[in-house]
Amino acid sequence: QDEFDILTEINACLRKIALPRIHITEEEIVERYNANYGAKALVRYLVFNDLRQYPEIKRDLDSNKSFDEVVRAHSIDPVSRANGGLLPTPFSRLDNIPAAFKTVAFGLKEGEVSGPVQINPYLYIIKLEKLIPPQNADFMIYHDVVKKDLTDETIKTTMTALREDL
């Protein structure tokens, strides 16, 4: 029990030190709100590593083969090949995915397939399966909830950094 009490006291002290260092901006709140409640894209993708392969891939895409069949035949990524290229989770414009991938995906219409997209060192072909519209969430209603989540997350990160500095 003594060890638990000591850890609790240390965490309380670290939180007290961290709290004044936290400055959540309105821009950060809006960004997090958009990530949580904004539009999301559900995509399939094919990965290849040589632009000379593209004509054959394009030929297969232009035939009556489904995108997932073409992925299974041509993708060099074993994960995408196994599931027909389906990225299992929809992503937002703010998720940790390469910017070029997001830009292309959100620029497509549902069912549309991109040309080759270079994301070093590979080439990708992206198909937008579904664009999930923003959730019907009023920003002003969720503002304080989003700010609290961001603050809590930032406090934990700051406390971890402080603990490592000890």
Presence of salt bridge, [Y] and [X], under 4.0 angstrom:
X: Asp77; Y: Arg81; answer: no
X: Lys148; Y: Asp144; answer: no
X: Lys127; Y: Glu129; answer: yes

Within one Ile-Leu-Val-Met-Phe-Trp-Tyr cluster: [X] and [Y], side-chain cutoff 4.5 Å:
X: Ile17; Y: Leu7; result: no
X: Phe67; Y: Ile57; result: yes
X: Val71; Y: Leu123; result: yes
X: Ile132; Y: Val104; result: no
X: Met140; Y: Tyr33; result: yes

Take a 6.0 Å sphere around [atom1] of [X] and say whether it holds more than 12 heavy atoms from other residues, nucleotides or ligands.
X: Tyr142; atom1: OH; result: no
X: Arg15; atom1: CZ; result: no
X: Glu27; atom1: CD; result: no
X: Asn96; atom1: CG; result: no

Take Leu46 and Tyr124, measure what side-chain contact (heavy atoms from CB on, under 4.5 Å) needs, and give me the verdict at the end.
-> CA-CA 5 Å; Leu46 183 153; Tyr124 290 77; over 6 Å; no
Looking at [X] and [Y], what are the two nearest heavy atoms and their distance?
X: Arg21; Y: Thr158; result: CD-CG2, 4.4 Å
X: Val43; Y: Ala105; result: CG1-CB, 3.9 Å
X: Ser66; Y: Glu69; result: N-OE1, 2.9 Å
X: Ile29; Y: Val146; result: O-CG1, 3.6 Å
X: Pro90; Y: Asp95; result: O-OD2, 4.3 Å
X: Arg93; Y: Lys102; result: O-NZ, 2.9 Å

Quick check, are the ring centers of Tyr122 and Phe48 under 6.0 angstrom apart?
->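 Judged by ring-centre distance (under 6.0 Å), Tyr122 and Phe48 do not meet the cut-off.
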Are the side chain of Glu112 and the backbone N or O of Lys109 linked by a donor-acceptor pair below 3.5 Å?
->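 Yes, the answer is positive, given that a donor and an acceptor are paired below the 3.5 Å cut-off.
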Can you check whether Asp50's main-chain N or O pairs, donor with acceptor, with Gln53's side chain at less than 3.5 Å?
-> yes
Audit row: Gln118, Asn120, side chain to side chain donor-acceptor pair (under 3.5 Å) steps and yes/no | CA-CA 6 Å; Gln118 178 80 49; Asn120 287 330; 3.2 Å; yes
Working to the nearest 0.5 angstrom, can you tell me the gap between [X] [atom1] and [Y] [atom2]?
X: Leu42; Y: Thr89; atom1: CG; atom2: OG1; answer: 9.0 Å
X: Ile24; Y: Lys147; atom1: CD1; atom2: NZ; answer: 8.0 Å
X: Thr151; Y: Glu28; atom1: OG1; atom2: CD; answer: 9.0 Å
X: Ile119; Y: Tyr45; atom1: CD1; atom2: OH; answer: 11.0 Å
X: Leu150; Y: Arg32; atom1: CG; atom2: CZ; answer: 4.5 Å
X: Ile10; Y: Leu162; atom1: CD1; atom2: CG; answer: 12.5 Å

Mind running side-chain contact (heavy atoms from CB on, under 4.5 Å) on Phe101 and Val117 for me, showing each step along the way?
-> CA-CA 8 Å; Phe101 194 99; Val117 179; over 6 Å; no
Classify the angle between the aromatic ring planes of Phe139 and His143 as parallel (below 30°), tilted (30 to 60°) or perpendicular (above 60°).
->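 Plane angle over 60°, so perpendicular.
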Would you please classify the geometry between the Phe106 ring and the Phe91 ring as parallel, tilted or perpendicular, with 30° and 60° separating the classes?
->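 Phe91 and Phe106: perpendicular rings.
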With side-chain contact (heavy atoms from CB on, under 4.5 Å) as the test, would you mind laying out the steps for Ile125 and Leu61 before giving the verdict?
-> CA-CA 10 Å; Ile125 296 174; Leu61 288 169; 4.3 Å; yes
Side chain to side chain donor-acceptor pair (under 3.5 Å) between Asn83 and Arg44: does it pass, once the steps are laid out?
-> CA-CA 9 Å; Asn83 67 6; Arg44 290 185 184 273; 5.8 Å; no
Intermediate values then yes/no, side-chain contact (heavy atoms from CB on, under 4.5 Å), Ile155 and Met159 = CA-CA 6 Å; Ile155 286 172; Met159 285 173 59; 3.5 Å; yes
Answer yes or no: is there a side-chain heavy-atom contact under 4.5 Å between Ser114 and Leu108?
->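 The answer is yes; the side chains approach within 4.5 Å.
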